[in-house]
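These notes concern the structure reproduced below.
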Amino acid sequence: MNTKTSKGLFLTFEGIDGSGKSTQCKLLAEALRAEGRDVVLTREPGGSPGAEEIRKLVLEGDPDRWSAATELLLFTAARRDHLERTIEPALAAGKVVICDRFADSSRMYQGLSRGNLRAEVDQLHALMIAREPDLTLLIDMDPETGLSRAKGRQGTEERFEDFGLELQQKMRAGFLALADEFADRFRVIDGARSVEAVAGDVLARAQDALA
Ligand code: ADP
Ligand code: TYD
């Protein structure tokens, strides 16, 4: 067993709404479990009982319910709880943690689109989180397709999707810039293909990281 596996592997998915992250997280978890790996599949905001409660506060209700700064504090509080109670214990036990969104989403949504708070995002991250994934898979695709896929879903968590296409375009460019900024851990995956084709690339990248 190599060092990375014995210490666990922290793998995150990022991308605009509707890009296929949740679909690919589940498929990757199934594929790695079929190889006999111990996998924890989790998500943000959420992933621990307290963070799931905060999820309701940030994702439901009026789009103007919180300022960008307040929202950043709520997302960071949720992330800290998730890290302490779910992610760190699983990694310490040598598991693979697959997380649907993590701090890169705060860098994008609170740092770039909702508010111009990237400096605050980075400061809070350094102070309260101080952990980056081993591997981040960015599912990249054109926002029109992503938004129509996201709108096709039923549900009450529409607060962010209500921001519309312009935000998603800014997000796509922002995520690609972030992939350059953190080139050592980011891999960009073309999401505008069949579920199976995307899943094949995702598994190959994960296996590279585990090898
Ligand atoms: P995200 O978690 O990034 O918002 P989802 O995985 O929930 O995205 O996918 C959004 C919607 O698009 C879902 O209805 C899902 O079934 C569908 N979907 C996911 N991947 C693909 C794909 N490669 N091609 C077509 N539809 C897809
Ligand atoms: P998610 O449930 O992953 O939505 P989707 O499946 O549509 O991609 O995340 C909900 C929203 O929360 C999403 O629009 C991005 C936003 N978000 C932030 O603004 N900051 C964050 O730190 C995180 C983790 C998510």
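Everything numeric in this text was worked out from a predicted model, so none of it was measured. Order of appearance sets the numbers: ligands from 1, and atoms from 1 within every ligand.
When Asp100, Val121, Asp17, Thr12 are ranked by how near their heavy atoms come to atom 14 (O) of ligand 2, first place goes to Asp17. With atom 4 (O) of ligand 1 as the reference point, the heavy atom nearest to it among Ser22, Gly15, Gly18, Gly191 is part of Gly18.
Near Glu44, with a cut-off below 4.0 Å to any heavy atom, the atoms of ligand 2 are 24 (C). With ligand atoms numbered from 1 in the order given, ligand 1 contributes 5 (P), 6 (O), 9 (O), 15 (C), 19 (C) to contacts under 4.0 Å with heavy atoms of Thr23. Atoms of ligand 2 found under 4.0 Å from any heavy atom of Arg55 (numbered from 1 in listed order, with element): 2 (O). Residue contact check: Ser105 has heavy atoms under 4.0 Å from atoms 20 (N), 21 (C), 22 (O), 23 (C), 24 (C), 25 (C) of ligand 2. The Lys21 neighbourhood of ligand 2 comprises atoms 8 (O), with distances under 4.0 Å to a heavy atom of that residue. Near Leu59, meaning under 4.0 Å from any of its heavy atoms, are these atoms of ligand 2: 10 (C), 11 (C), 12 (O). Residue contact check: Gln110 has heavy atoms under 4.0 Å from atoms 18 (C), 19 (O), 20 (N), 21 (C), 22 (O) of ligand 2.
To the nearest 0.5 Å, the span separating CH2 on Trp66 from CD on Gln110 amounts to 13.0 Å. Here the CD1 atom belonging to Ile189 is positioned 10.5 Å from the CG atom belonging to Asp140, to the nearest 0.5 angstrom. Summarising the geometry, atom CZ belonging to Arg79 is positioned 8.5 Å from atom CD1 belonging to Ile87; distances are rounded to the nearest 0.5 Å.
In this structure, Gln24 does not count as a contact residue of ligand 1, since none of its heavy atoms falls inside 4.0 Å of the ligand. Arg79 counts as a contact of ligand 2, since one of its heavy atoms falls under 4.0 Å from the ligand. Residue contact annotation: Met108 has no non-hydrogen atom under 4.0 Å from ligand 2.
For the pair Asp62 and Arg65, the salt-bridge criterion is not met [side-chain N within less than 4.0 Å of a carboxylate O].
The number of heavy-atom neighbours closer than 6.0 Å to CD of Glu53, taken from other residues, nucleotides and ligands shown, is 12 or below. Under a cut-off of 6.0 angstrom, the local environment of CZ in Arg118 is crowded, with over 12 non-hydrogen atoms contributed by other residues, nucleotides or ligands.
At under 3.5 Å, a nitrogen or oxygen of Ser19, whether backbone or side chain, sits near a nitrogen or oxygen of ligand 1. Any N or O atom pair closer than 3.5 Å counts here, and Ser106 shares at least one such pair with ligand 2. At least one N/O-N/O distance between Arg193 and ligand 1 falls below 3.5 Å.
Proximity of Val58 to ligand 2, defined as any heavy-atom pair under 4.0 Å, is not found for any part of the residue.
The ring of Phe102 has its center no closer than 6.0 angstrom to the ring center of Phe13.
Relative to the ring axis of Phe175, Arg172 does not place its NZ or CZ within 45° and under 6.0 Å from the centre.
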